[in-house]
Amino acid sequence: MSWRQGRLQEADRQLLERAGVATEGRIIVQFFPPELENTLAMLEQRFAGRDAAQIRKTIFGLRRPAPATSST
């Protein structure tokens, strides 16, 4: 996975530079364990309603869970 632009790309770049890894002129990519890749592919396919091989681009995001409501 790679970021094309934005805050997350910049956060990765800053993290690598703090660790002493030169990033100038380089493409930063992230590799995920096969289990996570499979989970993301399943979610992608479920959302799109078609085979994952037919999907060209997916944007994943993180959301905070909705606050729990009391049932009293």
Side-chain angles (χ1 to χ4, degrees):
M1 184 184 81
S2 65
W3 308 114
R4 297 197 185 262
Q5 62 186 2
R7 293 184 332 205
L8 296 175
Q9 179 190 43
E10 185 57 30
D12 283 351
R13 190 170 302 284
Q14 288 175 6
L15 182 64
L16 288 167
E17 288 177 356
R18 276 189 248 149
V21 178
T23 61
E24 185 68 34
R26 296 185 176 181
I27 297 171
I28 299 169
V29 296
Q30 298 178 14
F31 296 93
F32 298 120
E35 299 83 16
L36 179 55
E37 284 186 31
N38 291 334
T39 298
L40 293 174
M42 186 238 355
L43 291 169
E44 181 177 51
Q45 185 174 3
R46 186 185 300 161
F47 178 80
R50 57 183 176 202
D51 185 68
Q54 297 176 327
I55 301 169
R56 292 178 163 253
K57 179 180 179 180
T58 300
I59 299 174
F60 289 99
L62 301 175
R63 296 183 183 164
R64 293 178 192 248
T69 59
S70 64
S71 56
T72 56

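- Partners of Asn38 under the side chain to side chain donor-acceptor pair (under 3.5 Å) rule, at least two apart in sequence or in another chain, do not exist in this structure.
- Applying the side chain to side chain donor-acceptor pair (under 3.5 Å) criterion to Glu37, with sequence neighbours excluded, gives no partner residue.
- Under the side-chain contact (heavy atoms from CB on, under 4.5 Å) criterion, Arg7 pairs with no residue at all, not counting sequence neighbours.
- Residue-environment remark: CZ (Phe32) exceeds the threshold of 12 foreign heavy atoms within 6.0 Å.
- Residues satisfying the side chain to side chain donor-acceptor pair (under 3.5 Å) criterion with Gln30, sequence neighbours excluded, are Asp12.
- Among residues two or more places apart in sequence or in another chain, the side-chain contact (heavy atoms from CB on, under 4.5 Å) test is passed with Pro33 by Glu35, Leu36.
- Cluster annotation: Phe31 and Ile27 are assigned to the same hydrophobic cluster (Ile/Leu/Val/Met/Phe/Trp/Tyr, side-chain heavy-atom contacts under 4.5 Å, transitive).
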Which donor-acceptor pairs under 3.5 Å do side chains of residues 15-23 form with protein atoms, sequence neighbours excluded?
from  : atom 1 : to    : atom 2 : distance (Å)
Glu17 : OE2    : Thr23 : OG1    : 2.6
Thr23 : OG1    : Arg13 : NH1    : 3.2

